[in-house]
Number of protein chains: 2
Amino acid sequence: MSTSPPTDQASDAGRSSNSAAFSPLYQQIKGLLLQSLDRGEWKPGEAIPSELELAGRFQVSQGTVRKAIDELAAENLLIRRQGKGTFVATHHEAKVRFRFLRLTPDDAKQSLSGSQVLECRRVKAPADIAALLDLRTADMVVNIRRLLSFDQIPTILDDIWLPGSVFRGLTADSLGRYRGPLYALFESEFGVSMVRAEEKIRAVPATHDQAELLQVAAGSPVLQVERVSYTYGDRPMEVRRGVYVTERFHYKNSLN
Amino acid sequence: MSTSPPTDQASDAGRSSNSAAFSPLYQQIKGLLLQSLDRGEWKPGEAIPSELELAGRFQVSQGTVRKAIDELAAENLLIRRQGKGTFVATHHEAKVRFRFLRLTPDDAKQSLSGSQVLECRRVKAPADIAALLDLRTADMVVNIRRLLSFDQIPTILDDIWLPGSVFRGLTADSLGRYRGPLYALFESEFGVSMVRAEEKIRAVPATHDQAELLQVAAGSPVLQVERVSYTYGDRPMEVRRGVYVTERFHYKNSLN
DNA sequence: CAGTGGTCTAGACCACGTG
DNA sequence: ACGTGGTCTAGACCACTGC
């Protein structure tokens, strides 16, 4: 490989004084890396080429590649491991199992004791979901409802919406057999990596249905969390409406 | 300045192969910068010395200072402005006025229309507050209760606790006269810069008192937000228990 | 025009993981 | 012993700000 000619050479934009739309080299490299990630050239959990190899491929210095990777690592798309290499982030792995779950037990360690799939059906996208997922209302979506319990106590009721064209073959059956985080399943089975999410949180009274499933009184306050998750390129790929019981748990957040 | 002898020279630790407790030079520089910030050598809003000047002072290269500053900027303690310099972050400034406030109007722009101080008294620290602020229960704390309204609609009821030894002379009167974010007041009047905060969020029923002040039905669901704010050195300096009405507002959060 | 932060390079050496 | 990422340096040049 060491003598192979460059194939993906970065453009020269940014090397001269074009003041309009100036983009630093490392940002362009970052863009190329993002494309490779999106394209699936390197799969979640795999190592990407070493910094020197990438520097050779793009015909830039190692330092420039490094800065591009630094930013991707800061965004949790890549994970650096000294002495080993740089790896594509994945939702498989105990450490990041709750990467997007901010609900935390008030005391001690409570652990996920079960995920019960209540429903999994394919329907035409409701207007609000279609808008959030950049779909038309004619498009099909997969709707999943499930109940998560911690130490046998039902705590989270999720209502999940996924674009049907991407998540073909996702059924109640395949979900029922699966153990582990949904986002890991999305990676392995559908090639969809969730990279970022936005949440809107409110306090609302539990509906009768929700109350029954969560074993609380109807109308009692619950946390309503609407999440939109994005893959590479900020493409929305999931809407998740969660209802959390916050009697023994709280939503934890850090402000910087 | 260019020929002045170094005064704060960084230690040589990290330059040789001391595998135990290895700390990179730039981390040491970062520590020194943090000390200067904590000590108040550079005040919020002011520029710190240029990278070259700091490099000279610490007897390291510009690149090493740069990496230290990069981290402090990533943590929002410093703000880089190309062509102008690097500045100490401040809560004065319209742009960061809501730096720690995640409550967002559902639609359109609603604006803060009023802050009403309900109470401001000095009391012995309740046990839970003392624990959160690293105080003893014999120590005095300042307790502030206030009501924030947006477009004339009461929305946030805050119960704020501050260490009395630091916030001397903070009275209902001085608070009443003040216009602007509390954190800006803390900077100007008491030299306390809030740098980071942790929040725990729950859905709870509004108490009668809360309901009356917030003009909602007693028992209706509200967001309860417990915040602990920290200055430099991760010293807790404020406990804030907020109750938010989330009918026209939501708590917004980004997950990475 | 001078000063500041921002980019890019090239090279030396260190720490870590794996054979 | 080797390859990976991590640190540190020195120097050149660019972009932005303000005098």
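In the text below, chain A, chain B and the rest are named by the order of the sequence lines, each starting its count at 1. The shown structure was predicted, so the numbers you read here are calculated from the model rather than taken from an experiment.
Separating the CG atom of A:Asp70 from the P atom of C:dG6 is a distance of 15 Å, rounded to the nearest angstrom. Taking atom CD of residue B:Gln27 and atom P of nucleotide C:dA15, one finds them 15 Å apart after rounding to whole Å. Atom-to-atom, NZ of B:Lys30 to P of D:dT7 comes out at 11 Å; the value is rounded to the nearest Å. Atom C1' of nucleotide C:dA15 and atom CD of A:Gln82 are separated by 5 Å, given to the nearest angstrom. Here D:dT9 presents its C1' atom at 13 Å from NZ of B:Lys67, a figure rounded to the nearest Å. Separating the CD1 atom of B:Ile29 from the P atom of D:dC8 is a distance of 9 Å, rounded to the nearest angstrom. For the pair A:Gln62 CD and C:dA10 P, the interatomic distance rounds to 11 Å; values are reported in whole Å. Atoms CZ (B:Phe58) and P (D:dT7) sit 18 Å apart, rounded to a whole Å.
Using a 4.0 Å heavy-atom criterion, one finds that A:Arg66 contacts the bases of the nucleic acid, with or without backbone contacts as well.
Nearest to the side chain of A:Leu25, among D:dT7, C:dC8, C:dG5, sits C:dC8. Nearest nucleotide to the A:Arg80 side chain, out of D:dG5, C:dG6, C:dC8: D:dG5. Closest contact between the side chain of B:Val60 and the listed nucleotides C:dT9, D:dT9, D:dT7 involves D:dT9. Side-chain proximity of B:Glu51 to C:dG5, C:dC8, D:dA15: nearest is C:dG5.
The shortest distance between the side-chain N/O atoms of A:Lys84 and the OP1/OP2 oxygens of C:dC16 is not below 4.0 Å. In this model, the phosphate group of D:dG5 is approached by a side-chain N or O of A:Thr86 to a distance below 4.0 Å at OP1 or OP2. In terms of phosphate contacts, A:Thr64 brings no side-chain nitrogen or oxygen within less than 4.0 Å of OP1 or OP2 of C:dT7. Contact check, A:Ser50 against D:dT4: a side-chain N or O comes under 4.0 Å of OP1 or OP2.
The shortest distance between side-chain heavy atoms of B:Leu133 and B:Met237 does not fall below 4.5 Å. Using a 4.5 Å cut-off on side-chain heavy atoms (C-beta onward), A:Ile79 and A:Arg81 make contact. Between A:Thr231 and A:Asp38, the closest side-chain pair of non-hydrogen atoms is not below 4.5 Å.
Side chains of A:Asp70 and A:Tyr26: no donor on one and acceptor on the other come within 3.5 Å.
Salt bridge annotation for A:Asp158-A:Arg146: present, with a cationic side-chain nitrogen under 4.0 angstrom from a carboxylate oxygen.
Sequence order on DNA chain C of the closest nucleotides to A:Ser61 and A:Gly83 puts A:Ser61 first from the 5' end.
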